[in-house]
Amino acid sequence: PLFQFASALDIVESTQGLTAAWSADTERMDLKFNQDIPPRTPVSVRFAGATIPVGGVSISQQDLIMSTNASEGRILPTIVTNIQPIGSFRNTTVLEFVGSAGDLTTIRLSFTPDMNLAAGELVTLHLPGFGGPRSAFNVSSVPGGAFDWASWDAAASTLQYTVAQGVTAKTSVSIFSDMKSGMLLPDEGVRRNQ
């Protein structure tokens with residue numbers, strides 16, 4: 001439910017030959033295999049062009065359902081229990097920098113997750129044009145202790161914050177890093193709503 005696909009699905013990878021069709025009206029995807037699949041054969045399919053629901057996908061989602069009309073045994077609608085969660089941040093996510101173009105910067109990231117964040121999970125920012133050496137550094141956060149560590153990889157343009165303590169869904173979070181991070185603002189600066 002709430003996923004969106006083109007009606008003719010673009011199958012990027014599949015362990016078995018198949019075709020797929022999506023019905024937006026019924027929020028249903030139909031897979032038709034081009035050959036018989038022996039019992040207990042793992043099947044994996046990867047699609048391109050899916051639009052994820054605004055609220056993300058929860059690990060405990062109860063409305064992803066699978067069934068089959070296989071000739072050797074029909075499977076009634078069953079809740080999918082092994083789900084890769086996909087998060088979502090609602091409200092306005094705020095990202096603030098202090099410093100001049102090309103100089104060291106402090107960073108404040110504020111957001112409200114729609115899902116629980118567990119210790120060890122990562123929140124990743126893509127910051128193209130930012131510089132500085134690869135580094136790992138302490139951060140502070142509100143609520144206190146929610147995040148305490150971050151790493152910067154200029155080659156990949158990614159800043160990753162590590163969740164230290166679980167954060168409950170719909171909790172406002174702010175993370176602060178100082179100039180000890182070694183991160184540099186882009187030489188051309190940062191524009192609003194970039």
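Everything numeric in this text was worked out from a predicted model, so none of it was measured.
- Using a cutoff of 4.0 Å between basic side-chain nitrogens and carboxylate oxygens, K32 and D30 are not scored as salt-bridged.
- Contact record, F47 with A20: CE2-CB, 3.8 Å, taken as the closest heavy-atom pair.
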Discussion item. For a side chain to side chain contact (heavy atoms under 4.5 Å, CB included) check, start with the C-alpha distance between I52 and F3, then their side-chain angles and the critical distance, and finish with the verdict.
Written reply: CA-CA 5 Å; I52 304 299; F3 282 84; 3.8 Å; yes

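- Side-chain atoms of W22 and R28, non-hydrogen and from C-beta on, never get closer than 4.5 Å to each other.
- With values rounded to the nearest 0.5 angstrom, L122 atom CG is found 4.5 Å from Q160 atom CD.
- Closest of all the heavy-atom pairs between R108 and S174 is NH1-OG, 3.8 Å.
- A single hydrophobic cluster is seen to contain both V57 and V80, as judged by linkage of ILVMFWY side chains at heavy-atom distances under 4.5 Å, directly or through other members.
- To the nearest 0.5 Å, atom CG of residue L64 and atom CD1 of residue I83 are 4.5 Å apart.
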Worksheet entry | Pair L127-T158, side chain to side chain contact (heavy atoms under 4.5 Å, CB included): steps then yes or no | CA-CA 6 Å; L127 300 171; T158 57; over 6 Å; no

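- Residues V139 and A150 come closest through the heavy atom pair CG1-CB, 3.8 Å.
- When the side chains of ILVMFWY residues are joined at heavy-atom separations under 4.5 Å, either directly or via intervening members, V190 and I175 end up in a single hydrophobic cluster.
- In this structure, V123 and F111 have side chains that are in contact, with non-hydrogen atoms separated by less than 4.5 Å.
- For the pair M66/P77, no side-chain contact is recorded, criterion being any heavy-atom separation below 4.5 Å from C-beta on.
- Of all the heavy atoms in P39 and E72, the pair that sits closest is CG-OE1, 4.0 Å.
- When all heavy atoms are compared, the tightest approach of T171 to P143 is CG2-CG, 4.0 Å.
- No hydrogens or angles considered: a donor-acceptor pair under 3.5 Å links the side chains of S23 and T26.
- In this structure a side-chain-to-backbone donor-acceptor pair under 3.5 Å is present from S141 to A146.
- Between the S110 side chain and the V94 main chain, no donor and acceptor come within less than 3.5 Å of each other.
- With values rounded to the nearest 0.5 angstrom, Q16 atom CD is found 10.5 Å from D36 atom CG.
- Annotation: side chain of T15 is not in contact with side chain of P42 (no heavy-atom distance under 4.5 Å).
- In this structure, CG in L125 is found 5.5 Å from OH in Y161, a value given to the nearest 0.5 Å.
- Taking 4.5 Å as the limit, some side-chain heavy atom of I107 sits within range of a side-chain heavy atom of M183.
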Fill in: Residues V45, L18; criterion side chain to side chain contact (heavy atoms under 4.5 Å, CB included); working and verdict
CA-CA 9 Å; V45 181; L18 58 87; 3.5 Å; yes

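- Residues I37 and I11 share a single hydrophobic cluster, defined by chaining ILVMFWY side chains whose heavy atoms lie under 4.5 Å apart.
- Under a 3.5 Å cut-off, the side chain of E27 and the backbone N or O of A24 do not form any donor-acceptor pair.
- The closest side-chain heavy-atom distance from V43 to F33 is below 4.5 Å.
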Worksheet entry | S14 and R46: CA distance, side-chain angles, deciding distance, side chain to side chain contact (heavy atoms under 4.5 Å, CB included) verdict | CA-CA 6 Å; S14 172; R46 195 166 53 117; over 6 Å; no

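- In this structure, NZ on K170 lies 9.5 Å from CG on N116, to the nearest 0.5 angstrom.
- In this structure, T78 contributes its side chain and L76 its backbone to a donor-acceptor pair below 3.5 Å.
- Interatomic distance, CG of L159 versus CG of L109, reported as 8.0 Å (0.5 Å rounding).
- Considering only heavy atoms from C-beta on, N138 stays 4.5 Å or farther from D148 through its side chain.
- For T105 (side chain) and V98 (main-chain N/O), a donor-acceptor pair under 3.5 Å exists by modelled atom type.
- Sorted by first and then second residue, the ring-ring contact (aromatic ring centres under 6.0 Å, His included) pairs with a member in residues 116-148 read F97-F130; sequence neighbours excluded.
- Between the side chain of S172 and the backbone N or O of T112, no donor-acceptor pair lies under 3.5 Å.
- Taking the side chain as every heavy atom from C-beta outward, L185 and D103 never approach each other to under 4.5 Å.
- Across all their heavy atoms, A50 and F5 have their closest contact at CB-CE2, 3.3 Å.
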